[in-house]
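Notes to accompany the following structure.
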2 protein chains.
Amino acid sequence: MSSTLTARQQQVLDCIRESQSETGMAPTRAEIAERMGFQSKNAASDHLRALERKGYIKLHGDRSRGIQLLNSAFWGSEDELPVVGKVAAGSPIEAVENLERTVPVPQGLFRQRPTYLLRVQGDSMIDAGIFDGDLIAVRKSQTARSGEIVVARIDDEVTVKTLKLNRNNATLLPANEAYEPIRVPADELIIEGIFVGLIRDTTAH
Amino acid sequence: MSSTLTARQQQVLDCIRESQSETGMAPTRAEIAERMGFQSKNAASDHLRALERKGYIKLHGDRSRGIQLLNSAFWGSEDELPVVGKVAAGSPIEAVENLERTVPVPQGLFRQRPTYLLRVQGDSMIDAGIFDGDLIAVRKSQTARSGEIVVARIDDEVTVKTLKLNRNNATLLPANEAYEPIRVPADELIIEGIFVGLIRDTTAH
DNA sequence: TATTATACTGTTCATACTATCAGTATCGGA
DNA sequence: TCCGATACTGATAGTATGAACAGTATAATA
């Protein structure tokens, strides 16, 4: 689809993004040249052509500032994400019977695009600011790094905890003094996804 | 602050918005004239000057397509909500200099439609699950009921606290033992808005 | 009643901007 | 070793665009 960019092309693309968010308009060739330190406007033109050829921008010919960012993290199309409610024991998270509804979550609301939303049950993570009833944005993943907040499955129960990895052991750490850490042999741990964000609607409950 | 627009000015503003979201660039005077059906580019110029005077757009003089939509221009738009960062003492929340960026927040993400998003500073509300750096969704309002979490202004500082109303006194209650409740005579309390929801991006900081 | 804001048409002019041509230099692959 | 892609400098031509000026007409306001 869109090929990889060279370091310089990436810098030019970033330069356009910055310009866009600062002034609300795309830069001219001259402005790109100035910001990038080029002596010639044509250096900018060359880069723009390369970026268009690789599918990152669209150039509107003959129009000043006619640079349109494509696939931009800022305004992608709105996407409905499923809300996973109570997960029945033994059923995969994605199972239809677990789905509550869908919620529109635009591209770019979270830096990491979540795969689904999960409604939190219980207060085991209140010290991490995750409350009963909150929707957490989860990116599906089978692996996670130590320190990340994960959605994991223990004894067919889906739970949200902070993951700590030692040598052969994994510890699922609650963020609430009333709960005990859970130790699991590393090979028995099933990661469902990684916590990337949170949505709370105060008027909901 | 920003005055009301005439019907025609509103149409021109909408026209700019549409142009922006369609092509990624602001329209030229000629393009506005064409879309609006003007015979003269100057009609567009006049409207732009009016819109700038009323604080809805910023015109970058001598630059082509130099029309920047300001926060107030987004206040009527469907998806994009302004993110208010650090609020300078003495300045209204809506002030341009407080605007960080805009974030797409779809209708229906929160039951109560927020007016803007406010980036939380400090940890005075951690026990309410509101953390430093979180974005809180705020519905603009001059009044609030006891028990609601509000955005209030005390001594020109904007703060987020739980509101408790007694007879003639208002108490702004932090959700952190390290902070003291703030008592204010009810008539000195300035409510800016009501907390209706929260968005946290874990990868953000 | 005079004045000001709104809402335009029409023209001219300077300049902001894009497109294109002509080069130079470096690098990796066929 | 030749070729194409990358990464520029530098200059010119022509168009796109904004600004300014001169008008007209209407509705609201003081």
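Chain naming here is simple, since letters A, B, ... match the order of the sequence lines and numbering starts at 1 in each. Reckoned from all heavy atoms, side chains included, excluding hydrogens, waters and symmetry mates.
- Summarising the local packing, CD of B/Q10 is surrounded by more than 12 heavy atoms from other residues, nucleotides or ligands at distances under 6.0 Å.
- Side-chain polar atoms of B/Q11 and B/R8 form a donor-acceptor pair below 3.5 angstrom.
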So if I define the base as every atom that isn't primed, P, OP1 or OP2, how would nucleotides 4-19 of chain C read as a B/S/- string at a heavy-atom cutoff under 4.0 Å? --SSBBB-----SSBS

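- Here B/E31 pairs with A/R63 in a salt bridge; the nearest charged N to carboxylate O distance falls below 4.0 Å.
- Taking the side chain as every heavy atom from C-beta outward, A/M25 and B/M25 never approach each other to under 4.5 Å.
- Residues that satisfy the side chain to side chain donor-acceptor pair (under 3.5 Å) test with B/S64, not counting sequence neighbours, are A/S64.
- Taking 4.5 Å as the limit, some side-chain heavy atom of B/L59 sits within range of a side-chain heavy atom of B/E52.
- By the side chain to side chain donor-acceptor pair (under 3.5 Å) test, B/S124 pairs with B/K161, sequence neighbours left out.
- For B/F110, there are no ring-ring contact (aromatic ring centres under 6.0 Å, His included) partners, not counting sequence neighbours.
- In the helix from C/dT1-D/dA30 to C/dA30-D/dT1, the end axes, each obtained as the rotation axis mapping the C1' atoms of four pairs onto the next four within a five-pair block, lie 30° apart to the nearest 10 degrees.
- A 4.5 Å side-chain heavy-atom check between B/T28 and B/I67 finds every atom pair outside the cut-off.
- Protein chain B touches strand DNA chain D; the 5'-most and 3'-most nucleotides with an atom under 4.0 angstrom of its non-hydrogen atoms are D/dT17 to D/dA22.
- Side-chain atoms of B/D123 never come within 3.5 Å of backbone atoms of B/F131 as a donor-acceptor pair (strictly under, hydrogens ignored).
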